[in-house]
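Read through the structure below, which is laid out as structure tokens, and then see the notes.
Ligands are counted one by one from 1 in listed order, and the atoms in each one are counted from 1 as well.
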Amino acid sequence: MKFKKILAAVAAMSFAVAALAGCGGGSGSSSSSSGAKTLKVASSIDFAPFEFQEESQKDYQGFDMDLIRAVGKEMGREVEIQNISFDGLIPALQAKNVDVIISGMTINDERKQSVLFSDPYYQSGLTMVVRDNEESIKKFQDLKGKKVAVQIGTTSAAEVKKIEGVEVKELNTPADCFMELKAGGVDAVVNDRPVNDYYIQKSGATGVKALEEKLTAEDYGIAMGKDNAELQKQVNEALKKLHENGEYDKIFAKWFGEKK
Ligand code: GLN
């Protein structure tokens, strides 16, 4: 009897967490009905158009959000998404609080020491944003002696630190970085190209421009625990299916237009 009560409490709690987390699907059906385990996903919801939240909307939106919901569907698992700051994502995975990370996360050797990555699902790279009237910064090497804002824990932070003579300001989110640029606290923001482009084109940002030069080419991957090769296999199989059945292309077109 007591055990049943505890079970009911746990079920109610996880349902509340799922609702709070703005989980996908929107059907409201609990995973227990199908017997499948919920796929717990962590993402730093500050990276439009990959993961973001609009005030009027309950569910998280973006390319990654649609992709991971489609992956979950292929795997027959309910998807529950938690918003965790970017530098807290890998620790959350290591603590087994979540099963996977999808967060525009670049596959690199350093991270491979602590996580397993899926096959690449998006080709990205780093570019920079400066103020409209900026004349002295045209390429990355011009950053010498300049102040640059980057999101903490990202490849941008790591790469900009490699450029000699740059004063690096590490902030919590890309939005904080753009604000700092507009306020004159830094001379440039280095961040992922699609996010910079979206910020300039879609959010109607004024007074700033994105530069063309790419500092790196990077691939995004879905991350899972070091000891979870089985899950890695399942995620890769789901991604493969989504490529084969056209679902990946549909999601891609929704956020980035038709593939060139
Ligand atoms: N792609 C970059 C990285 O993996 C930035 C990701 C992000 O800020 N969400 O470090």
Near Phe86, which atoms of ligand 1 are under 4.0 Å from a heavy atom of that residue?
3 (C), 4 (O), 6 (C), 7 (C), 8 (O), 9 (N), 10 (O)

So, does Arg131 use its side chain to make a donor-acceptor pair with the main chain of Leu181 at under 3.5 Å?
yes

Going by atom types alone, do Asn191 and Ser156 pair a side-chain donor with an acceptor below 3.5 Å?
no

Compute the ring centroids of Phe50 and Tyr220, then answer whether they are less than 6.0 Å apart.
yes

Would you check the N or O atoms of Glu51, main chain and side chain alike, for any that come under 3.5 Å of an N or O of ligand 1?
no

Distance-only N or O hit between ligand 1 and Tyr220, under 3.5 Å
no

Heavy-atom nearest option to atom 2 (C) of ligand 1, drawn from Thr216, Thr155, Ile102, Asn191
Thr155

Say whether, by atom type as modelled, one donor and one acceptor occur between the side chain of Gln232 and the main chain of Phe117 under 3.5 angstrom.
yes

Are side-chain heavy atoms of Glu218 and Ile107 found at a separation under 4.5 Å?
no

List the closest protein heavy-atom neighbour of atom 5 (C) of ligand 1: residue, atom name, distance to the nearest 0.1 Å.
Asp192 OD1, 3.5 Å

Would Thr106 count as a polar contact of ligand 1, with the cut-off being nitrogen or oxygen pairs under 3.5 Å?
yes

Report yes or no: does a heavy atom of Ser44 sit under 4.0 Å from some atom of ligand 1?
no

Distance-only N or O hit between ligand 1 and Ser103, under 3.5 Å
yes

Does the side chain of Phe63 reach to within under 4.5 Å of the side chain of Pro194, using non-hydrogen atoms?
no

Using the six-membered ring wherever Trp is involved, compare the ring planes of Phe52 and Tyr198 and label them parallel, tilted or perpendicular (cut-offs 30° and 60°).
tilted

Quick check: do Val148 and Val186 have side-chain heavy atoms less than 4.5 Å from each other?
no

So, is Gly104 polar-close to ligand 1, with some N/O to N/O distance under 3.5 Å?
yes

Under 4.0 Å from ligand 1, counting heavy atoms only, is it the side chain of Arg193, its backbone, both or neither?
neither

Quick one: look up the protein heavy atom nearest atom 8 (O) of ligand 1 and list residue, atom name and how far away it is.
Gln151 OE1, 2.5 Å

Provide the number and element of each atom of ligand 1 under 4.0 Å from a heavy atom of Phe47.
5 (C), 6 (C), 7 (C), 8 (O), 9 (N)

Output the list of atoms in ligand 1 that are nearer than 4.0 Å to some heavy atom of Met105, sorted by atom number.
4 (O)

Distance-only N or O hit between ligand 1 and Thr154, under 3.5 Å:
no

May I ask you to check whether Phe256 and Tyr122 place their ring centers less than 6.0 Å from one another?
yes

